[in-house]
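Below is one structure, written out as structure tokens, with a few remarks after it.
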Amino acid sequence: MRSNPTGTCQITKLYAVAQKDGKTEYEMGDPETQTCSNSIFPHLGYSPCWYVKRHKTQQVNL
């Protein structure tokens, strides 16, 4: 029997907001559930689970 081709991981978004004086302010977002693929390489548009588990914080530049 084969395993499930997709899995889920909890990630946290880190929002980087550029200020007028050239500095950057960081704000933590709420934890989100992200779908990932149980494989070595990306499949079906999802990142591999081993990569998502190692990069639990994702930065979003605003």
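The shortest heavy-atom contact between W50 and I40 is NE1-O, 3.0 Å. When all heavy atoms of S37 and H43 are compared, the pair lying nearest together is OG-N, 3.8 Å. Closest heavy-atom contact between G29 and T12: O-CG2, 3.7 Å. The minimum heavy-atom distance between N4 and N38, with the atom names listed, is O-ND2, 2.9 Å.
In this structure, CD on Q34 lies 7.0 Å from NZ on K13, to the nearest 0.5 angstrom. Residue Q58 holds its CD atom at 10.5 Å from CG of L14, rounded to the nearest 0.5 Å. A distance of 14.5 Å separates OH of Y51 from CZ of F41, quoted to the nearest 0.5 Å. Between atom CD1 of residue I11 and atom OG1 of residue T57 there is a gap of 9.0 Å, rounded to the nearest 0.5 Å. Once rounded to the nearest 0.5 Å, the distance linking CD of Q59 with OH of Y15 reads 12.0 Å.
Other residues, nucleotides and ligands contribute over 12 non-hydrogen atoms within 6.0 Å of the CG atom of D21.
Counting heavy atoms from C-beta outward, T24 and Q19 have side chains that stay 4.5 Å or more apart.
C36 has its SG atom within less than 2.5 Å of the SG atom of C49.
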